[in-house]
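Take a look at the structure set out below.
No hydrogens, no waters, no symmetry mates; every other heavy atom, side chains included, goes into these values.
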Amino acid sequence: MIYEIAGLRISIENRCKYTEAFCEKYLSADQTSPFDLSAKVTNAEFYAEKELSDGFSDGYIENICLYRTICRQLPILNRMLLHAAIIAVDGNAYAFLGRSGTGKSTHTGLWIKYLDGVTVVNGDKPILECTDKGFVAYGTPWNGKERLGNNISAPLKGLCFLEQSKTNEIVRLTPAEAANRIFGQILFPEDEENAAKTLELTDKLITQTPCWLLKCNISEEAMQTSYEAMTGKQYVKK
């Protein structure tokens with residue numbers, strides 16, 4: 001089946017029905033025109049993942065492998081996977097990054113709670129496209145355990161790295177400082193061409209997109225701190 005994901009036509013050859021239901025909102029109405037890339041899972045890849053995923057269904061395991069296969073082919077098409085939670089407000093997207101447990105979902109939840117018109121682009125594994133006008137963030141079917149996300153896209157206007165703190169403070173990062181933090185949030189392909197392209201895209205991402213470090217707690221003030229810095233707008237309570 002052919003799906004339309006991140007501005008691409010992607011042919012997915014799955015053996016289990018799980019993926020068809022999982023990706024149904026991205027199914028292309030045009031199943032005959034050429035596609036940009038294809039993905040299927042070899043037996044070796046499937047069973048290697050199965051050993052690491054005890055207790056999960058075969059469909060779930062195949063689905064994980066399929067997305068990894070897709071993402072490893074993206075860089076030469078000027079796209080990359082970013083492990084982040086991305087929300088959109090006023091037509092622009094903002095990404096929140098950090099190690100597992102740092103509060104990405106919690107902080108984006110504060111934006112949703114206290115601001116009008118906030119939409120989740122992707123809660124865990126969005127795809128970014130590098131364009132002449134900057135990066136664009138896309139929703140994908142693969143959006144985390146909470147399944148928070150939508151089949152939408154928006155220009156990316158900020159990257160915010162999160163750290164837990166009792167007080168709230170945000171500072172602008174230099175590209176070098178952002179580089180030290182971002183590589184753990186990126187999937188590097190195994191082949192040389194796509195790996196090199198990933199490095200190129202990452203460099204463009206942190207030089208073209210404003211990067212921030214937010215030390216925060218779980219409060220309305222935390223949301224206000226990040227919102228005002230990243231958007232340049234004053235927060236007005238509902």
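- Pairing each heavy atom of Phe96 with each of His107, the nearest pair is CE2-CD2, 3.4 Å.
- A salt bridge links Asp58 and Lys50; the closest N-O separation between the charged side-chain nitrogens and carboxylate oxygens is under 4.0 Å.
- Taken together through direct or relayed side-chain contacts under 4.5 Å among Ile, Leu, Val, Met, Phe, Trp and Tyr, Leu162 and Leu159 form parts of separate hydrophobic clusters.
- Judged purely by distance below 3.5 Å, without hydrogens or angles, the side chains of Glu62 and Tyr18 never pair a donor atom with an acceptor atom.
- Under the 3.5 Å distance criterion, the side-chain polar atoms of Asn122 are left unmatched by any main-chain donor or acceptor of Ile86.
- Residues Arg72 and Leu187 meet the side-chain proximity criterion, which asks for heavy atoms closer than 4.5 Å.
- In the hydrophobic cluster analysis, where Ile, Leu, Val, Met, Phe, Trp and Tyr join through side-chain heavy atoms closer than 4.5 angstrom, Phe22 is grouped apart from Ile2.
- Distance check: Leu201 CG to Lys204 NZ gives 6.5 Å after rounding to the nearest 0.5 Å.
- Proximity of a side-chain donor or acceptor of Glu51 to a complementary backbone N or O of Ala48 within less than 3.5 Å is not detected.
- The local environment of CZ in Phe188 is crowded, with over 12 non-hydrogen atoms from other residues, nucleotides or ligands closer than 6.0 Å.
- Within the 3.5 Å criterion, the main-chain N or O of Tyr235 finds a donor-acceptor partner in the side chain of Glu228.
- Side-chain atoms of Ile182 and Leu205, non-hydrogen and from C-beta on, do get closer than 4.5 Å to each other.
- Residue Leu37 holds its CG atom at 10.5 Å from OG1 of Thr69, rounded to the nearest 0.5 Å.
- Between the Asp30 side chain and the Thr32 main chain, a donor and an acceptor come within less than 3.5 Å of each other.
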Criterion side-chain contact (heavy atoms from CB on, under 4.5 Å) on Gln208 and Phe135, from CA distance to verdict: CA-CA 8 Å; Gln208 296 179 8; Phe135 280 80; 3.9 Å; yes

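- Proximity of Met1 to Leu27: side-chain heavy atoms (C-beta onward) are separated by under 4.5 Å at one or more points.
- Using cut-offs of 30° and 60° for the angle between ring planes, the Tyr67 and Trp142 rings count as parallel.
- Classified by interplanar angle (parallel below 30°, tilted 30° to 60°, perpendicular above 60°), the ring pair Trp111/Tyr94 is tilted.
- With no hydrogens or angles considered, a side-chain donor-acceptor pair links Ser28 and Arg9 at under 3.5 Å.
- In terms of hydrophobic clustering, with Ile, Leu, Val, Met, Phe, Trp and Tyr side chains grouped at heavy-atom distances under 4.5 Å, Leu148 and Val89 are assigned to a common cluster.
- Residues Leu199 and Leu81 are members of separate hydrophobic clusters, defined by side-chain heavy-atom contacts under 4.5 angstrom among Ile, Leu, Val, Met, Phe, Trp and Tyr.
- Using a 4.5 Å heavy-atom cutoff, the side chains of Leu173 and Arg181 are in contact.
- Considering all non-hydrogen atoms of both residues, Gly98 and Lys104 come closest at O-NZ, 3.1 Å.
- Other residues, nucleotides and ligands place more than 12 heavy atoms under 6.0 Å from the CD1 atom of Ile76.
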- request: I would like to know whether Ile12 and Thr19 meet side-chain contact (heavy atoms from CB on, under 4.5 Å); could you show each step before the answer?
  value: CA-CA 9 Å; Ile12 296 179; Thr19 293; 4.1 Å; yes

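- Residues Arg172 and Pro210 form a side-chain contact, since some pair of their non-hydrogen atoms from C-beta on lies under 4.5 Å apart.
- Between the OG atom of Ser219 and the CG atom of Leu110 there is a distance of 7.0 Å, given to the nearest 0.5 Å.
- Side-chain atoms of Asn78 and Lys197 include a donor-acceptor pair closer than 3.5 Å.
- When all heavy atoms of Val41 and Glu45 are compared, the pair lying nearest together is CA-OE1, 3.6 Å.
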message: Does Glu49 form a side-chain contact (heavy atoms from CB on, under 4.5 Å) with Ile64? I'd like the steps, not just the answer.
response: CA-CA 8 Å; Glu49 184 65 34; Ile64 291 173; 4.1 Å; yes

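- Here the CZ-CD1 distance, from Arg79 to Ile70, works out to 12.5 Å after rounding to the nearest 0.5 Å.
- Pairing each heavy atom of Asn168 with each of Ala222, the nearest pair is OD1-CB, 3.2 Å.
- Looking only at side-chain heavy atoms (C-beta outward), Glu163 and Leu213 come within less than 4.5 Å of each other.
- Looking only at side-chain heavy atoms (C-beta outward), Glu129 and Tyr138 come within less than 4.5 Å of each other.
- For the atom pair NZ of Lys40 and CD of Glu13, the computed distance is 5.0 Å after rounding to the nearest 0.5 Å.
- Proximity of the aromatic rings of Trp212 and Phe161 is defined here by a centroid distance below 6.0 angstrom, and this criterion is not met.
- Checked by atom type and distance alone, the side chain of Ser53 never pairs as donor or acceptor with a backbone atom of Phe56 at under 3.5 Å.
- Counting only heavy atoms from C-beta outward, the side chains of Val120 and Thr108 never approach each other to under 4.5 Å.
- Between the side chain of Arg68 and the backbone N or O of Leu66, no donor-acceptor pair lies under 3.5 Å.
- Electrostatic pairing of Lys233 and Asp90 counts as a salt bridge here, judged by a charged N lying under 4.0 Å from a carboxylate O.
- The main-chain N or O of Ala196 is never found under 3.5 Å from a side-chain atom of Glu200 such that the two would form a donor-acceptor pair.
- For the atom pair CG (Asn194) and SG (Cys71), the distance works out to 11.0 Å, reported to the nearest 0.5 Å.
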- request: Apply the test side-chain contact (heavy atoms from CB on, under 4.5 Å) to residues Ile127 and Leu74: give CA-CA distance (whole Å), side-chain angles for both, the deciding distance (0.1 Å), then the verdict.
  value: CA-CA 9 Å; Ile127 290 173; Leu74 291 176; 3.7 Å; yes

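- If you run side chain to side chain contact (heavy atoms under 4.5 Å, CB included) between Leu156 and each of Leu128, Leu82, Val136, Asn92, only Leu128 comes through.
- Connection of Phe35 to Leu77 is not established within any shared hydrophobic cluster, with ILVMFWY side chains joined at heavy-atom distances below 4.5 Å, either directly or through further cluster members.
- When every heavy atom of Ile186 is checked against every heavy atom of Met80, the shortest pair comes out as CD1-CE, 3.7 Å.
- Heavy atoms only, all atoms of each residue included: Lys25 and Asn151 are closest at O-ND2, 3.3 Å.
- If you check the side chains of Glu220 and Gln224, you find no donor sitting under 3.5 Å from an acceptor.
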